[in-house]
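Below is one structure, written out as structure tokens, with a few remarks after it.
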Amino acid sequence: MTYVVGADFGTLSVRVTLMDCESGATVASVSESYPLHRNPADPLMARQAHADHMASLVRATRGAIKAAGIDGHDIAAFAADTTGSSVVVVDENLQPLADYYLWADHSAHAEAEEITALARREGLEALDWCGGTYSHEWGYAKLLHFLRNNPDKRDQVATALEHCDMVAATLSGVKDVSDIPRSICAMGHKWMWNPKWDGYPSQDFLSRVDPLLDGINAKLEGRFGMAPEVAGYLSEEWAEKLGLKPGIPIPFGAFDAHWDALGSGGTQGDVVNVVGTSTCFIAIAPDDVVPVPGICGVVPGSVTPETTGIEAGQSATGDVFEAIARRSGRDLPTLMQGLDAYRPGQTGLLRLPWDNGDRTVLVRPDLGGITLGWDLGHEAEDELHAAIEGMAMHTRIIHDRMEQCGMKIRHVVNGGGIPQKNDVLNQVYADVLNRPVHVPESSPTGVGSCIMASVACGAITDIATAQKRLAPKPRIINPRPDAVATYNELFEIFRAIYMGFGQGDPLDLGSILPRLRAFRIGG
């Protein structure tokens, strides 16, 4: 038997999955948490420590080996995906100068606005390929924020890394900044990197954003690649810590949602909604798609070498559901009870899920959640059902925008952790999107990493074969025709409010509440 290990670094924990390449079975899966540093006085801040990540990885890997009852030296390869853009700034010895700016850190909004403004004035092509707006969640904005706010550390900055690249560099014992493996997935989606314009945006452009970025592109060089290409080999030091054999291959890393899309069975023509605390949408597209405004990135090779990845996102999904439950004084499973009996739109509530801003298609962190149609009879359960409907309708807006890229959607897959335990959500998505929704029968978390590890070590010949053997089979939730018709009507209202409040489109406010009340009373 040939075993591989895949690590999936999420927002609050790392999950290590150990799979048998021959049978396709998951033989162990262990999760270990790490702290998220927030500041009540600064709600934009979200930081994490590299040492915490690696300590949890050690515990989870050793725990998985123990749970599987195997010798760690029988494991043939290791791969890791992470959140992104989660950025760490390091010195010449690759030691962190501060904590990671986690993907959820929104501190760099001013820097992102400055990058966007100059890029729009000058018609920078790279901006088009990331949707026309450079996000406060992405690499250059976070690096510039660090430089502006840490003047005492500027002369120590050797480079900045995405989390997935820092993991690969650390485990393979990289010591030289010029030898850092850099993931095309990460750099393409978050740092405007593309061979089409010889890599990064020009140094001249970046220096005119702020002279603090002088010379920064030279510091961001390295070895660029995409999985399952090998980024390095496990060092003696980390082999001993993890309980693995030194010298096993480590493929280039990627962002969690991109590999979750593969682990969920996604192939060319599919859109995978990776639904968790937030949602990342990954479309696996052919190479003839074009960029459109509002999409987080169109990057050749970001999911598989032969396809183009289109990324979009919701800044909060499960977090919104949890917040509603928390305010009600109940846990989410309790609050979900009975929601399967709700008919479409029966609450008369319309909820725009902007509680943590809008990532796609408006790219506005300054928006807030909206719920319209309240009356004295509404309960927390009603708000939760309306929130699920709102997430599904926002998803429809995002899918529509992806199709404007030239993406022909073949299948919709609900991956991530929430769809495994929430068939109310799956059914509402199927009805709102008017498409069958494919849901993996078991958790796909970490499976994408194992797929890449299995190909990197030669245990399985290619990604497609590895998916067939390792990815869980789907069950299919079909749309209900009567529900589709109702949701089409509700979506018209949702889209008008979304574009009206979100970008100032004309909106007949006087008609909204009466139309919602008609849904409430069954008219």
Side-chain angles (χ1 to χ4, degrees), residues 4-17 19 26 29 31 60 79-86 103-104 162-164 167 183 185-186 189-190 226-228 251-268 270-285 296-297 299 301-304 307 309-314 317-318 359-360 395 398 402 411-422 425-426 429 437-455 463-464 466-468 470-474:
V4 292
V5 164
D8 178 277
F9 285 86
T11 302
L12 298 174
S13 63
V14 59
R15 178 168 294 278
V16 168
T17 300
M19 299 190 76
T26 297
S29 184
S31 179
D81 61 53
T82 69
T83 63
S85 185
S86 293
W103 71 270
E162 286 287 341
H163 188 188
C164 61
V167 171
S183 160
C185 172
H189 280 288
K190 311 302 181 185
M226 61 188 82
F252 283 87
F255 292 146
D256 48 4
H258 294 72
W259 283 5
D260 281 349
L262 295 177
S264 299
T267 58
Q268 185 170 315
D270 295 348
V271 175
V272 183
N273 310 321
V274 184
V275 187
T277 55
S278 63
T279 296
C280 192
F281 302 86
I282 301 297
I284 307 173
C296 296
V299 178
S302 71
V303 183
T304 70
T307 61
I310 305 173
E311 181 183 343
Q314 288 172 331
T317 305
R359 184 184 302 167
T360 308
T395 296
I398 291 168
M402 285 181 164
H411 293 140
V412 171
V413 182
N414 269 3
I418 288 179
Q420 298 294 318
K421 53 196 175 189
N422 195 325
L425 179 141
N426 294 325
Y429 276 47
V437 169
H438 296 231
V439 181
E441 289 183 338
S442 58
S443 174
T445 302
V447 174
S449 296
C450 288
I451 287 169
M452 290 304 192
S454 72
V455 180
I463 292 171
Q467 282 185 285
K468 290 176 182 176
L470 303 181
K473 300 295 184 288

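Side-chain atoms are counted along with the backbone in the values below, which use heavy atoms only and exclude waters and symmetry mates. Quick caveat, the model's predicted, so the values are computed rather than measured.
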Quick one: closest heavy-atom pair of [X] and [Y], and the distance?
X      : Y      : value
Trp259 : Ala79  : CZ3-CB, 4.0 Å
Cys164 : Ala186 : SG-CB, 3.9 Å
Ala283 : Val271 : CB-CG2, 3.9 Å
Thr307 : Gln268 : CG2-OE1, 3.4 Å
Val274 : Asp260 : CG1-OD2, 3.6 Å
Ala312 : Cys296 : CA-SG, 3.7 Å

Would you say [X]'s side chain and [Y]'s backbone share a donor-acceptor pair under 3.5 angstrom?
X      : Y      : result
Thr277 : Gly318 : no
Ser183 : Gly253 : yes
Ser454 : Ile451 : yes
Glu162 : Ser86  : yes
Ser264 : Gly266 : no
Asp8   : Arg15  : no
Ser449 : Ala7   : yes

Measure the spacing between [atom1] of [X] and [atom2] of [Y] and express it to the nearest 0.5 Å.
X      : Y      : atom1 : atom2 : result
Thr82  : Asp256 : OG1   : CG    : 6.5 Å
Thr267 : Ile463 : OG1   : CD1   : 12.0 Å
Ile284 : His258 : CD1   : NE2   : 9.5 Å

Taking the side chain as every heavy atom from C-beta outward, state whether [X] and [Y] have any atom pair closer than 4.5 Å.
X      : Y      : value
Thr395 : Gln314 : yes
His438 : Asp270 : no
Val447 : Met19  : yes
Leu262 : Val303 : yes
Pro444 : Gln420 : yes

Quiz item: Are His163 and Phe9 close enough that their ring centres sit under 6.0 Å apart?
Solution: yes

Quiz item: What's the verdict on side-chain hydrogen bond (donor to acceptor under 3.5 Å, both in side chains) for Thr11 and Trp103, showing C-alpha distance, side-chain angles and the deciding distance?
Solution: CA-CA 8 Å; Thr11 302; Trp103 71 270; 2.9 Å; yes

Self-check item: Given Thr317, Val437, Asn414, Val413, the one that forms side chain to side chain contact (heavy atoms under 4.5 Å, CB included) with Asn273
Solution: Asn414

Exercise. List the steps, then state whether salt bridge (charged side-chain N to carboxylate O under 4.0 Å, His left out) holds for Glu311 with Lys190.
Key: CA-CA 11 Å; Glu311 181 183 343; Lys190 311 302 181 185; 2.9 Å; yes

